[in-house]
Amino acid sequence: MPRAEGARSHGEFGEIRLDRVSRGFDGVMALQDLDLTIRRGEFIAFLGPSGCGKSTALNCVAGLLSLTGGSIWVDDRRIDELPPERRGFGMVFQNYALFPHMTVRKNIGFGLAMRGVPKAEAEARIDAAIRLVQLEAHGAKLPGQLSGGQQQRVAIARAIVVQPPLVLMDEPLSNLDARLRLEMRHEIRRIHQELGRSTVYVTHDQDEALSLADRIVVLRDGRVRQIGTPEELYARPATLDVARFMGYRNVFEGELDGDQGERVAVRRNDLRVVGIPRDALGSGRRAAVAIRPEDVLPGPEGADAISGVVESVEFIGREYAATAQTPTGLLLHFRSHQRLHLKEPVHLRAAPERVLVFAAEEGA
Ligand code: ATP
C-alpha cells in the first residue's frame, strides 16, 4: 500500500495503466486486450499455466517486447514506445542475471553507476539496499560464492536500489528449492511492505500469488480470466477454469435439479449436491459443480451425504488427504482428521456455501 512521503522517489506516480495491451507473434496472439490499472504501492501477480502469456505481459510492461496493440501509461504519460532504460523499471529474473566477475556491492551499485549517481550517495544507497536484503556480511563476495537464495537477494537489491517506480519479477523463486522458496516469499513480502514499491510478479504457483499479491490477474490463452484480490479469487472464482486453478479439484457435471432461492441443486445419477450458482443457469440445463478437497468432510450416513469407499489416503501433516469412489465411479478428493482404511465406506458432505455451480463447459 502507498507509503509515507519520505519513502517517495523521483519515480513516484499515481497509477500505471495498461489499456488493451496486446502482443502477437506471427499473427498468433500471446496476449490480448489486457486492461489493468496498477496503483502506487500495489503488488500485482500475473498467474496462469505455462504459455498463458504472463511473461509476454511482463515483458511488454518492461519494454523488452513491443506491443502489437494497445498502450501503456504512467499517469498521463504514454510510455509503451520508450525503450526499457527510459521506463526505468527494476527487473528481477528467474536466473538472477548477476555479473559473475563483480562483487555483490558492485552488482548492486551497477545501475547507480550507469545513472551517474555521485559516489557518496551511491555508497549510502548500496548500504541501505544490502541491509534491506540482509546481506551485510557478503558485500565483498562474488555471486559464485553465494547460495541461490542469496544470489536472488542480490538481484532484488540491484532492482530496488535505483528506486524504480515499478519492480517487475518473472518467476524469481522457481530456481530455488521448496524451503528456500518459502523463505524468499516471506522476504519479498517483507521488502514490499517496507518499501511500498509497486510490483508486478509473474508466477504459475497459485500459493505464491495468493500469499504475495494485493490483486491477482489470472491469464489463460493470452486473455484475462479474472482480476481480483486473493480472497475474491479463492472464494468466488468467476469461471470454471479459474476455479480449477484455485484448487477446486472436485469438478463434475450433472443436471440442474431445482433452485432454492440463492442456491441450486445438481443431480448426478444417485447423488445430489446443493451449491451457489456462479453463472446464469437455465433449468434443465447441464451444470458443473466445483468443490475444494478441504471443503469435503466425512460424517454420519444420511440422505444428504455422498457415499463412497476410500480409494487412497495420504497423511499431509495436520490431516489426511483422501479420495473416495462413489458407486457410479465418481472420484472425490476430501480431507479427514482421522486415519481411514482403504475400501472403508465414507459419507461425504460439503457445506452448500462452499459448493460452486457453473454452466457446463461446451463440448465437455
Ligand atoms: P511460461 O510460464 O511457460 O514461461 P508464460 O505464461 O510466461 O509461460 P509466454 O512466455 O508469455 O507464456 O508465452 C505465451 C505464448 O506466446 C506461448 O504460446 C508462446 O509459445 C508464445 N511466444 C512467446 N514468446 C514468443 C516468441 N518470441 N516467438 C513466438 N512465440 C512466442
Side-chain angles (χ1 to χ4, degrees), residues 16-36 38 42-72 79-85 87 89-98 148 151-152 155-156 159 166-178 180-182 184-185 188 198-228 230 233 237-247:
I16 295 177
R17 193 159 49 82
L18 280 59
D19 184 15
R20 304 195 63 183
V21 167
S22 304
R23 170 69 202 206
F25 292 103
D26 305 321
V28 180
M29 295 310 285
L31 180 69
Q32 202 155 2
D33 294 332
L34 171 58
D35 283 325
L36 174 71
I38 304 164
E42 200 175 20
F43 198 118
I44 299 274
F46 288 164
L47 175 68
S50 179
C52 71
K54 39 191 201 302
S55 296
T56 299
L58 192 85
N59 290 334
C60 285
V61 176
L64 299 173
L65 275 178
S66 59
L67 310 189
T68 52
S71 54
I72 303 176
I79 61 152
D80 56 88
E81 276 154 5
L82 298 179
E85 64 278 8
R87 300 184 194 192
F89 300 155
M91 298 271 313
V92 181
F93 300 97
Q94 181 177 338
N95 59 7
Y96 323 132
L98 301 176
Q151 291 185 49
Q152 198 52 292
I156 292 169
L166 181 67
V167 179
L168 304 171
M169 299 192 176
D170 194 351
E171 306 241 12
L173 308 185
S174 50
N175 280 345
L176 305 177
D177 66 42
L180 210 50
R181 223 170 22 236
L182 266 185
M184 284 302 293
R185 194 205 281 179
I188 287 175
S198 307
T199 303
V200 178
Y201 186 101
V202 163
T203 180
H204 63 269
D205 180 335
Q206 43 137 327
D207 290 334
E208 230 169 82
L210 288 171
S211 68
L212 283 171
D214 296 314
R215 281 192 301 153
I216 299 173
V217 178
V218 182
L219 291 163
R220 179 87 189 255
D221 301 330
R223 286 183 175 275
V224 171
R225 290 300 166 105
Q226 188 170 4
I227 300 180
L233 260 64
T239 66
L240 197 51
D241 56 43
V242 175
R244 282 201 188 89
F245 210 70
M246 285 291 135

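Atoms within each ligand, like the ligands themselves, are counted from 1 in listed order.
- Between Gly51 and ligand 1, an N or O atom pair is found at a separation short of 3.5 Å.
- Atom 4 (O) of ligand 1 has as its closest protein heavy atom Ser55 OG, 3.8 Å.
- Judged by distance alone, the side chains of Asp241 and Thr239 do bring a donor and an acceptor atom under 3.5 Å apart.
- Counting protein heavy atoms under 4.0 angstrom from atom 19 (C) of ligand 1 gives zero.
- For atom 22 (N) of ligand 1, the nearest protein heavy atom lies closer than 4.0 Å.
- Note on ligand 1: Pro49 sits in its first shell, one or more heavy atoms being nearer than 4.0 Å.
- A donor and an acceptor atom, one from each side chain of Tyr201 and Glu171, are nowhere located under 3.5 Å apart.
- Side-chain atoms of Asp170 and Ser55 form a donor-acceptor pair, as typed in the model, at a separation below 3.5 Å.
- With Leu168 as reference, Val61 is the one residue of Leu64, Val61, Thr199 to meet the side chain to side chain contact (heavy atoms under 4.5 Å, CB included) rule.
- Side-chain contact of Glu208 with Thr203: a donor-acceptor pair under 3.5 Å is present, judged by distance alone.
- Applying the 4.0 Å criterion to heavy atoms of Glu171 picks out, from ligand 1, the atoms 2 (O).
- Nearest-residue assignment for atom 6 (O) of ligand 1 (options Arg23, Arg220, Lys54; heavy-atom criterion): Lys54.
- When all heavy atoms of Gly247 and Gln206 are compared, the pair lying nearest together is N-NE2, 3.8 Å.
- Atom 16 (O) of ligand 1 has Ala30 CB, 3.1 Å as its closest protein atom, hydrogens excluded (heavy atom only).
- In terms of protein heavy-atom proximity, atom 28 (N) of ligand 1 is closest to Phe25 CD2, 3.4 Å.
- The distance from ligand 1 to the heavy atoms of Thr56 drops below 4.0 Å at these ligand atoms: 9 (P), 11 (O), 13 (O), 14 (C).
- Between Cys52 and ligand 1, an N or O atom pair is found at a separation short of 3.5 Å.
- Shown are Ile156, Val167, Val92; of these, the side chain to side chain contact (heavy atoms under 4.5 Å, CB included) with Ile188 is made only by Ile156.
- Nearest non-hydrogen protein atom to atom 3 (O) of ligand 1 is Ser50 OG, 2.6 Å.
- The two residues Leu173 and Met184 come nearest to each other via the heavy atoms CD2-CB, 3.6 Å.
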